[in-house]
Amino acid sequence: MAEELSFTRAASDRLFIAQPTLSRQIRQLETQLRTELFDRDRRTVALTPAGAALLPLARELLERWEQARRQVGEVASCCDTVLTVGFQTRIGRGLIPAVTARLGAVLPQWRLSFRQVSWTDPAAGLLDGQTDVAISWLPVPAQAGLSWKVVSTEPLWAALPVGHQLSTSDAVSFAELAREPFVALPANAGLQRDFWLATGYRDTPARIGVEAATAEESFEAVAAGLGVSLLAAGNVELYQRPDVVCRPVTGLPPAELAVIWRSEDDREAIRVFAESCVRCLCDRAA
């Protein structure tokens with residue numbers, strides 16, 4: 001917050017949380033310290049003298065914490081041979097059997113564990129340490145210290161309720177689809193929300209019928225007629241159900257599925273997992 005001097009930028013671009021959450025945390029910190037850290041008015045935010053005094057100390061505290069986390073992680077990695085994989089939509093595509101076999105051949109002491117993470121966390125558990133690596137759709141949060149490799153590029157389809165006027169078409173143009181109410185990811189999904197609403201390809205803002213925190217919630221909302229949604233071609237088969245119809249969409253760029261990890265995490269297991277994901281889908285494409 002001290003670096004951005006903007007509640008909006010600090011919350012959405014740096015911390016990936018809602019602005020009221022950041023404001024509440026700042027107030028709690030000021031209460032603990034019994035002083036104001038920021039001067040605020042309707043248009044500007046500035047550090048108070050107390051805030052300016054705290055800033056270098058806060059940076060030092062955070063750096064010391066990062067050092068402690070890295071050192072503890074290095075010790076734990078010698079004993080902990082479980083790689084936790086985050087995902088937000090079903091992975092499928094033959095990835096997990098292939099990667100498990102590869103990891104078993106190269107690093108037999110390692111095993112995989114899986115954790116589904118809500119769309120409210122656009123980094124799929126990587127930033128708060130819930131997961132070690134993730135299979136997720138791009139884009140990822142900017143300036144979050146994440147690295148990735150694209151493992152699959154897939155055209156977009158539309159999920160429609162049975163009986164929808166567009167459901168009888170062989171393919172649907174986005175110009176037609178854009179007028180419909182959409183099932184949206186939560187606001188704090190950030191760039192991912194914009195991608196799955198195709199925000200950059202609209203003349204007017206999307207009509208939001210309802211928000212959904214998971215793929216399962218999204219398909220329930222579509223089936224109930226609360227809105228339509230976009231999905232990647234590879235997920236059409238994974239989420240087949242009798243009350244939802246899926247059709248190809250024209251006029252939009254494809255989605256990119258990626259294996260994502262923290263840039264600072266240079267463990268061999270992360271490298272093997274990422275390379276195995278890429279190799280698996282490249283072999284399938286070939």
Side-chain angles (χ1 to χ4, degrees), residues 12 87-95 118-120 122 124 135-142 148-258 260 281-282 284-286:
S12 62
F87 65 98
Q88 293 166 315
T89 60
R90 295 175 189 170
I91 298 172
R93 298 163 179 82
L95 268 176
S118 161
W119 281 328
T120 57
I135 304 293
S136 184
W137 298 96
L138 298 181
V140 297
W148 65 87
K149 291 183 178 181
V150 174
V151 298
S152 181
T153 301
E154 303 178 4
L156 291 181
W157 286 50
L160 310 164
V162 169
H164 190 281
Q165 60 183 355
L166 297 176
S167 64
T168 57
S169 304
D170 293 334
V172 178
S173 72
F174 182 65
E176 294 177 288
L177 195 67
R179 297 190 292 266
E180 299 291 325
F182 266 65
V183 179
L185 274 61
N188 50 355
L191 296 175
Q192 286 191 6
R193 174 183 167 109
D194 288 339
F195 178 84
W196 294 108
L197 288 175
T199 298
Y201 295 85
R202 294 178 178 272
D203 296 326
T204 57
R207 290 171 55 203
I208 305 302
V210 68
E211 291 186 351
T214 66
E216 288 73 17
E217 288 182 13
S218 177
F219 282 100
E220 289 294 339
V222 170
L226 301 178
V228 303
S229 68
L230 296 172
L231 71 160
N235 280 358
V236 172
E237 182 179 358
L238 296 176
Y239 286 99
Q240 278 189 358
R241 47 188 292 168
D243 49 5
V244 173
V245 176
C246 294
R247 293 291 182 263
V249 176
T250 61
L252 290 177
E256 293 181 312
L257 185 66
I260 308 167
L281 290 191
C282 284
R284 285 186 64 193

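Small disclaimer: the values here were computed from a predicted structure and weren't measured.
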*Asks:* CD of E154 to CG of L231: how many Å apart, nearest 0.5 Å?
*Replies:* 9.5 Å
*Asks:* Is it the case that over 12 heavy atoms from other parts of the model lie below 6.0 angstrom from the CD atom of E237?
*Replies:*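 No, not enclosed.
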*Asks:* Rounded to the nearest 0.5 Å, how far apart are CG of N235 and CD of Q240?
*Replies:* 11.5 Å
*Asks:* How many angstroms lie between OG in S152 and CD1 in I91, if you round to the nearest 0.5 Å?
*Replies:* 12.5 Å
*Asks:* For residues L230 and L252, determine if any side-chain heavy atom of one lies less than 4.5 Å from a side-chain heavy atom of the other.
*Replies:*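 They are in side-chain contact.
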*Asks:* I need the L138 CG to T153 OG1 distance, nearest 0.5 Å.
*Replies:* 9.0 Å
*Asks:* How far apart are the closest heavy atoms of S218 and S229, and which atoms are they?
*Replies:* OG-OG, 3.7 Å
*Asks:* Between A189 and P122, what is the shortest heavy-atom contact and its length?
*Replies:*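 Looking at all heavy atoms of both residues, the shortest contact is O-CB, 3.6 Å.
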*Asks:* Going by the rule side chain to side chain contact (heavy atoms under 4.5 Å, CB included), which residues pair with I208 if we only count those two or more places apart in sequence or in a different chain?
*Replies:* A184, R193, L197, A206, E211
*Asks:* By side-chain hydrogen bond (donor to acceptor under 3.5 Å, both in side chains), which residues pair with T250, not counting sequence neighbours?
*Replies:* none
*Asks:* Please check if the side chain of T214 supplies one atom and the backbone of E217 the other of a donor-acceptor pair under 3.5 Å.
*Replies:* yes
*Asks:* Would the distance check show the side chain of R202 and the main-chain N or O of A178 forming a donor-acceptor pair, the cut-off being under 3.5 Å?
*Replies:* yes
*Asks:* What pairs of residues pass the ring pair (Phe, Tyr, Trp, His ring centres under 6.0 Å) test when at least one of them lies in residues 168-200, not counting sequence neighbours?
*Replies:*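 Residue pairs passing ring pair (Phe, Tyr, Trp, His ring centres under 6.0 Å), neighbours aside: W137-W196.
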*Asks:* Which atoms form the tightest heavy-atom contact between P253 and Y201, and what is the distance?
*Replies:* CG-OH, 3.3 Å
*Asks:* Run the salt bridge (Lys or Arg N to Asp or Glu O under 4.0 Å) test against D194 and tell me which residues pass, sequence neighbours left out.
*Replies:*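 Not a single residue meets the salt bridge (Lys or Arg N to Asp or Glu O under 4.0 Å) criterion with D194.
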*Asks:* Within the 4.5 Å heavy-atom criterion, are L166 and R247 side-chain neighbours or not?
*Replies:*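 They are not in contact (no side-chain heavy atoms under 4.5 Å apart), so the answer is no.
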*Asks:* Looking at side-chain heavy atoms only, is the closest gap between H164 and V228 below 4.5 Å?
*Replies:*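 Yes - at least one pair of side-chain heavy atoms lies under 4.5 Å apart.
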*Asks:* Scan residues 213-256 for pairs that pass ring pair (Phe, Tyr, Trp, His ring centres under 6.0 Å), counting only residues two or more places apart or in two chains.
*Replies:* F219-Y239
*Asks:* Walk me through it: do E220 and R241 pass the test salt bridge (charged side-chain N to carboxylate O under 4.0 Å, His left out)?
*Replies:* CA-CA 10 Å; E220 289 294 339; R241 47 188 292 168; 3.3 Å; yes
*Asks:* Which heavy atom of V244 sits nearest to which heavy atom of A159, and what is that distance?
*Replies:*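 The answer is CG1-CB, 4.0 Å.
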*Asks:* Could you report the tightest heavy-atom contact between S167 and P161, atom names first, then the distance?
*Replies:* CB-O, 4.4 Å
*Asks:* For R90 and E216, which heavy atoms make the closest approach, and how far apart are they?
*Replies:* NE-OE2, 4.0 Å
*Asks:* With sequence neighbours left out, write down each residue that passes salt bridge (Lys or Arg N to Asp or Glu O under 4.0 Å) with E256, or none if nothing qualifies.
*Replies:* none
*Asks:* Supply the atom-to-atom distance L257 CG to T89 OG1, rounded to the nearest 0.5 angstrom.
*Replies:* 7.0 Å
*Asks:* Would you give the length of the straight line joining atom OG of S136 to atom CD of Q192, rounded to the nearest 0.5 angstrom?
*Replies:*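 Reported value, rounded in 0.5 Å steps: 4.5 Å.
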